2 protein chains.
Amino acid sequence: MAESVVLDPVDLHLLRLLQNDARMTYRDLAAQVGVAPSTCLDRVTRLRRCGVILGHRLELDPAKLGRGLQALLSVQVRPHRRELVGPFVERIRALPESLTMFHLTGPDDYLVHVAVADMADLQRLVLDEFTARREVARVETRLIFQQWDCGPLLPPSPSAQSG
Amino acid sequence: MAESVVLDPVDLHLLRLLQNDARMTYRDLAAQVGVAPSTCLDRVTRLRRCGVILGHRLELDPAKLGRGLQALLSVQVRPHRRELVGPFVERIRALPESLTMFHLTGPDDYLVHVAVADMADLQRLVLDEFTARREVARVETRLIFQQWDCGPLLPPSPSAQSG
DNA sequence: CGTGAAAAAAGTAAGCC
DNA sequence: GGCTTACTTTTTTCACG
């Protein structure tokens, strides 16, 4: 599978618009980009098939779902061996509180973004699901005051090369 | 604006399906949930209007866009005062490399998730956009080996209360 | 509230530049 | 490749249970 894909200005324009609102119709996309609706369909279909577009996801408001508190948990897993980290990752991923999970370089092996109801819920989560596990050597909890989603993801200035 | 919203099993079922694939048609949703397509439309429209559904976002593959390396940057901003952090946040948010930004409790004030082309690009970003700024006291860079999106976001076990 | 059928709009495929 | 046109499916409305 190709590492990168050649994207012309039309593709980039479409991606920029769709990242802002993935429900835009091909007709509206066409009007803004300056090509025919069927061309938009062709382009977007191609972007989907070559893996640039991975999927369409719903963005929900955690607070509206009764998960008004978010936090980042830095976790050290010791010893950091495959037979321990595999089950650890699967277990944490499956928690309803988990949003995203990163495997990182540095002293802390994993970072887990969680959404919980309140502070008591967070304490329960840390104690019952993290520190209670034998392979978890350390958990550092940081609360999230605020979060920003940044601008659209686009290739670095000189357009991406083919591969 | 209400803090939480009453969600019955039909709403939850719809949200679970749509979080997995936001492009599912109301017809398919209806078949799986066991109600009429028009009912699905009503429910989803309501969820959108009451803010549970914030939007439909496209999920892109950063590697395919020539941004094969991702990292998390922990940033200390000193002094941590409004007149300094406002412009800092706006500047970092506007970078094409920035994906998400968190304001956190703890010794590191901000965490920035970035996607760059390669290590040289990351070094340039850290030096030119972060440490070069007077208010940035410290930047700690951690590379991302792997990232997982976790299961669907759902309310805590006893369904959310009204507000 | 949910339903089912009808109207409006969008998505999709084909043929032609 | 992209555009136009015709065709299919979906979305959306609305009167009714």
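Please read all numbers here as calculations on a predicted model, not as lab measurements.
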Tell me the interatomic distance from [X], atom [atom1], to [N], atom [atom2], rounded to whole angstroms.
X: B:Leu41; N: C:dG4; atom1: CG; atom2: P; result: 16 Å
X: A:Leu18; N: C:dG11; atom1: CG; atom2: P; result: 10 Å
X: B:Arg27; N: C:dG4; atom1: CZ; atom2: P; result: 14 Å
X: A:Met24; N: C:dA9; atom1: CE; atom2: C1'; result: 15 Å
X: A:Asp28; N: D:dT11; atom1: CG; atom2: P; result: 16 Å
X: B:Leu29; N: C:dG2; atom1: CG; atom2: C1'; result: 16 Å

Choose from [options] the nucleotide whose nearest atom is closest to any side-chain atom of [X].
X: A:Tyr26; options: D:dG2, C:dT12, D:dT11; value: C:dT12
X: B:Thr39; options: D:dT10, D:dC3, C:dT3; value: C:dT3
X: B:Asp42; options: D:dT12, C:dT3, D:dT4; value: C:dT3
X: B:Ala36; options: D:dT4, D:dT10, C:dT3; value: C:dT3
X: A:Ser38; options: D:dT4, C:dT3, D:dG2; value: D:dT4
X: B:Val35; options: C:dT3, C:dG11, D:dT13; value: C:dT3

Is the distance from the ring center of B:Phe102 to that of A:His113 below 6.0 Å?
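B:Phe102 vs A:His113: aromatic centres under 6.0 Å.
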Report yes if a side-chain nitrogen or oxygen of B:Arg43 is closer than 4.0 Å to either non-bridging phosphate oxygen (OP1 or OP2) of C:dG2; otherwise report no.
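Answer is yes, contact under 4.0 Å.
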Both A:Gly34 and B:Arg23 contact DNA chain D. Which one's nearest nucleotide lies toward the 5' end?
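Between the two, 5'-proximity favours A:Gly34.
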Backbone N/O of A:Val5 and side chain of B:Lys64: donor-acceptor pair under 3.5 Å:
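Between the backbone of A:Val5 and the side chain of B:Lys64 there is no qualifying donor-acceptor contact (under 3.5 Å).
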Are B:Arg48 and B:His56 linked by a side-chain donor-acceptor pair shorter than 3.5 Å?
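Short answer, yes.
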Can you spot which of B:Arg142, B:Arg138, B:Glu140 makes a side chain to side chain donor-acceptor pair (under 3.5 Å) with B:Ser74?
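Only match with B:Ser74 under side chain to side chain donor-acceptor pair (under 3.5 Å): B:Arg142.
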Evaluate the ring planes of B:Trp148 and A:Tyr110, with Trp represented by its six-membered ring, and classify them as parallel (under 30°), tilted (30 to 60°) or perpendicular (over 60°).
tilted
